[in-house]
Amino acid sequence: MYCVVSMRTPFHFPTGLPGRKAAGGGRTALVTGGAQGIGWSIADRLLNAGWNVAILDLREPAETNRSLLSIRADVSSEHDVEDAIRKTAEAFGGLHGLVNNAGIGSSSPIENLSLEEWNRVLGTNLTGTFLCSKYAVPHLRKSGGAIVNIASTRARQSEAHTEPYSASKGGIVALTHAMAVSLGPEIRVNCISPGWIETDPDAVHSESDDAQHPCGRVGTPADVAAMAEYLLSDRAGFITGQDFAIDGGMTKKMIYTD
């Protein structure tokens, strides 16, 4: 369950994505929550671009090959995270990129929201991002690598009963620019905030679902994966501390009911 998804859609494995055969150069990335959904799309995109990829998740990925390492771990556990980072660096000889994608949601009204549920969401989404970054930093500093955090447009605007999710994603946005200042120039740190990303390849949307987006459609995991690959690459060498909304323009649209 440790994967970022639309609050409206179920988890599903996407089909293989068309990645560019770019110069991954044998570099290595770790993707948390990478067994399915957006995380798997990012991992698949990086594999197709020539990267070695380690997936940190509580589930097994859709497929494996010699360039993919799957590690079963809980991102809210410091022991699990430290061990996973060590295994990744040992398996591939270093670490060049980290994608903090793991995340869970909550839909409990705040008056019914338990402290346990609040801490579980914050522990996975925000503390998990902190822990993975903490233990990846020594390796990324050596390689001159980059971190991409996956937040959400829920850091800027909300649906009802998403308090812990929204708070955790807002924290990730703030953590992103704080780490960018602290870790530069050796390490770049950026953030992606997805909007409505459909993770079910069999889903059918209404005309209004698509038309409400200025881009004319609901997003796909491939949209997020393309940005993540770019931000990890040398092409984004002058970009750090930024939060990129991948939402079809929805956060720029003024919406009132008639």
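Because the structure is a prediction, the values reported are computed rather than measured. Excluded from the calculations below are hydrogen atoms, water molecules and symmetry mates; all remaining heavy atoms, backbone and side chain alike, are included.
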* **Passing option when V53 is tested against T28, D44, L47 for side chain to side chain contact (heavy atoms under 4.5 Å, CB included)** => L47
* Asked: Are the side chains of L30 and Y135 in touch, meaning some heavy atoms are under 4.5 Å apart?
  -> no
* Is it true that D247 and R156 make a salt bridge, defined as a side-chain N closer than 4.0 Å to a carboxylate O? -> no
* R45 side chain to A222 main-chain N or O, any donor-acceptor pair under 3.5 Å? -> no
* Structure fact -> Correct closest heavy-atom pair for Q212 and M250 would be O-SD, 3.1 Å
* Asked: For the side chain of R59 and the backbone of Q36, is there at least one donor-acceptor N/O pair under 3.5 Å apart?
  -> no
* Indicate yes or no: at least one non-hydrogen side-chain atom of W40 is less than 4.5 angstrom from one of I55. => yes
* Is the shortest heavy-atom distance from the side chain of L95 to the side chain of S143 under 4.5 Å? -> no
* Asked: Are V204 and I197 connected in the hydrophobic side-chain network, where two residues link if heavy atoms are under 4.5 Å apart?
  -> no
* Side-chain heavy atoms of I172 within contact of N100, under 4.5 Å -> no
* Do the side chains of T129 and N125 get nearer than 4.5 Å, heavy atoms only? -> no
* **CD1 on I110 to CD on E163, rounded to 0.5 Å** => 4.5 Å
* **Y230 backbone acceptor or donor facing S233 side chain under 3.5 Å** => yes
* Decide side-chain contact (heavy atoms from CB on, under 4.5 Å) for H161 and L113; before the verdict, give the C-alpha distance in whole Å, the side-chain angles of both, and the deciding distance to 0.1 Å. => CA-CA 9 Å; H161 312 312; L113 180 67; over 6 Å; no
* Considering non-hydrogen atoms only, spot the tightest contact between E229 and A49 and give its length. => OE2-CB, 3.5 Å
* CZ/R72: more than 12 non-hydrogen atoms of other groups inside 6.0 Å -> no
* **Closest heavy-atom pair and its distance - E60, S70** => OE1-OG, 3.5 Å
* **Transitive ILVMFWY side-chain link L175 to V173, under 4.5 Å** => no
* To do: Calculate, to the nearest 0.5 Å, the distance between atoms OG and NZ belonging to S158 and K169 respectively.
  => 13.0 Å
* Asked: Short question: side chain of S166, backbone of A155 - any donor-acceptor pair under 3.5 Å?
  -> no
* Structure fact -> Taking every heavy atom of D243 against every heavy atom of S193, the minimum-distance pair comes out as OD1-OG, 2.8 Å
* Structure fact -> Here the gap from H139 atom NE2 to H96 atom NE2, rounded to the nearest 0.5 Å, amounts to 11.5 Å
* Between the main-chain N or O of V75 and the side-chain N or O of D80, is there a donor-acceptor pair closer than 3.5 Å? -> no
* Asked: Can any side-chain N or O of T162 pair as donor or acceptor with the backbone N or O of E159 at less than 3.5 Å?
  -> yes
* Residue K253 excluded, over 12 heavy atoms near NZ under 6.0 Å -> yes
* Asked: Once you round to the nearest 0.5 Å, how far does CD1 of I187 lie from NZ of K142?
  -> 11.5 Å
* To do: Would you confirm whether T240, through its side chain, and A180, through its main-chain N or O, come within 3.5 Å as a donor-acceptor pair?
  => no
* Do other residues, nucleotides or ligands put more than 12 heavy atoms under 6.0 Å from the CD atom of E207? -> no
* **Interatomic spacing from CG in N190 to CG in L231 - rounded to 0.5 Å** => 5.0 Å
* Are I150 and V148 close enough that some pair of their side-chain heavy atoms sits under 4.5 Å apart? -> yes
* Asked: For G39 and V31, which heavy atoms make the closest approach, and how far apart are they?
  -> O-CG1, 3.7 Å
* Test item: S206 side-chain N/O and D209 main-chain N/O as donor-acceptor pair under 3.5 Å -> yes
* **Close side-chain approach of W118 to P164, heavy-atom, < 4.5 Å** => yes
* Asked: So, T176 and N149: side-chain donor and acceptor under 3.5 Å apart, yes or no?
  -> yes
* Value rounded to 0.5 Å, distance of CZ in R27 from CG in N52 -> 11.0 Å
* **R217 side chain reached by D223 side chain, heavy atoms, under 4.5 Å** => yes
* How close do C132 and I85 get, heavy atom to heavy atom, and via which atoms? -> O-CD1, 4.1 Å
* Would a hydrophobic clustering, with Ile, Leu, Val, Met, Phe, Trp and Tyr connected at side-chain separations under 4.5 Å, put V81 with L122? -> yes
